[in-house]
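Letters go in sequence order (proteins before strands), and every chain restarts at 1.
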Amino acid sequence: MPELPDVEVFKRYFDATCLDQTIDRVEVKEERLLENTSPQRMRKAPVGKEFESTQRHGKNLFAKLDSNLWLLLHFGMSGFLKYYNNPDEAPDHPRIIFHFSSGYKLAYDNMRMFGKISLLDDVDAYLQDQELGPDALSLGQEDFKEMLSQKRGMIKSALMDQTFIAGLGNIYVDELLFQAGIHPKSQASTLDKETVENLYNNMNAVLQTAINYNVNVDQFPENYLIHRRTLNSACPVCGGKIRKSRVSSRSTYFCENHQQKY
DNA sequence: AGTACCACCTGACGGC
DNA sequence: TGCCGTCAGGTGGTAC
């Protein structure tokens, strides 16, 4: 379930391993994941080049090959990166593999095949084309308030909408609503000022905490919902019952006691 | 514009 | 043991 924190950790992993190495060969193992890019071009265009830097926006990772050539990776539900040399360390479902002249390889693994691999000439144009909202971690509090006040519909739907805010998915939206004490079906525009500020602060805190722990969920604070995504488990904050329902066709866990409906 | 539902895809898991 | 239905969840499309 790669959401913003996961992709940020992938970015740091990519930066620490793959930059400034000549690409010898590109192995496209699953052509269905390519979008707006032919397999032939994907295999050819990066060869002889190096990844110079990376950029993340929401759940999208962009790696620069040239001023007008970028690799886009979207991880869907089950995607991740693996940098390795020894074939024993190869992941189970590699969909594309970049071979470096050092002998090391970068594999994009994605069991469930939701996801996207593409070559772009302009990142900003792509973000506009996709109508992606501002990245959740670089959004200021005033803008957040203003946007929410004008958003109709349920707060969970709003936060999951990538064209509204980019980066949040099902797990983290549940978590930050839980931390902020807001019922997921609350109407976005009816939250009062204090509640929205609290939500904003929790959004940043939860995302930052997840990144700081390298998305190692076991190390997340004990009062996080993520450890209790089970029907009728005890709320780690107030002892209430954790309930499950569906919001925006997604499994939604929340505390029936301390998450208030607005 | 918001919502509801389906499809895509694969593996895990529970029931029988 | 093994078959079957269900679930997980990011995104995109469609119908209301």
Student: Among all residues two or more places apart in sequence or in another chain, which pass the side chain to side chain donor-acceptor pair (under 3.5 Å) test with A:Tyr83?
Tutor: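 If we apply the side chain to side chain donor-acceptor pair (under 3.5 Å) test to A:Tyr83, skipping adjacent residues, the hits are A:Gln21.
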Student: Restricting to pairs with a member in residues 66-76 of chain A, which pass side-chain hydrogen bond (donor to acceptor under 3.5 Å, both in side chains), not counting sequence neighbours?
Tutor: none
Student: Report for the helix from B:dG2-C:dC16 to B:dC16-C:dG2: angle between first-end and last-end helix axes, five pairs each, rounded to 10 degrees.
Tutor: 50°
Student: Among all residues two or more places apart in sequence or in another chain, which pass the side chain to side chain contact (heavy atoms under 4.5 Å, CB included) test with A:Asp15?
Tutor: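 For A:Asp15 the side chain to side chain contact (heavy atoms under 4.5 Å, CB included) partners, ignoring immediate neighbours, are A:Lys11, A:Leu19, A:Thr54.
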Student: Let me have a per-nucleotide readout for nucleotides 10-16 of chain C, 5' to 3', with B, S or -, counting only protein heavy atoms under 4.0 Å.
Tutor: BBS----
Student: Among all residues two or more places apart in sequence or in another chain, which pass the salt bridge (Lys or Arg N to Asp or Glu O under 4.0 Å) test with A:Asp122?
Tutor: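 None.
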Student: For DNA chain B, determine which residues of residues 203-219 of chain A have any heavy atom closer than 4.0 angstrom to one of its atoms, and list them numerically.
Tutor: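 Heavy-atom contacts with DNA chain B come from no residue of residues 203-219 of chain A; none.
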Student: Decide if the gap between the ring center of A:Phe254 and the ring center of A:His183 is smaller than 6.0 angstrom.
Tutor: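 They qualify: ring centres under 6.0 Å apart.
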Student: Could you tell me which residues satisfy side chain to side chain donor-acceptor pair (under 3.5 Å) with A:Asn110, sequence neighbours excluded, listed by chain and number?
Tutor: A:Ser78, A:Tyr108
Student: Anything under 4.0 Å to a heavy atom of chain A counts; send over the first and last such nucleotide of DNA chain B, read 5' to 3'.
Tutor: B:dA1 to B:dG11
Student: Of all residues at least two apart in sequence or in a different chain, which pass the salt bridge (Lys or Arg N to Asp or Glu O under 4.0 Å) check with A:Glu50?
Tutor: none
Student: Distance-only criterion, 3.5 Å: show the donor-acceptor pairs between side-chain atoms of residues 151-165 of chain A and protein atoms not counting sequence neighbours.
Tutor:
residue, atom, partner, partner atom, Å
A:Lys151, NZ, A:Asp161, OD2, 3.3
A:Lys156, NZ, A:Asn170, OD1, 2.5
A:Lys156, NZ, A:Asp174, OD1, 2.8
A:Lys156, NZ, A:Thr252, OG1, 2.8
A:Ser157, OG, A:Ser248, OG, 2.6
A:Asp161, OD1, A:Thr163, N, 2.9
A:Asp161, OD1, A:Thr163, OG1, 2.7
A:Asp161, OD2, A:Thr163, OG1, 3.3
A:Gln162, OE1, A:Gly167, N, 2.9
A:Gln162, NE2, A:Met160, O, 3.1
A:Gln162, NE2, A:Leu168, O, 2.8

Student: Using the test side chain to side chain donor-acceptor pair (under 3.5 Å), find all partners of A:Lys29 that sit at least two apart in sequence or belong to another chain.
Tutor: A:Glu27
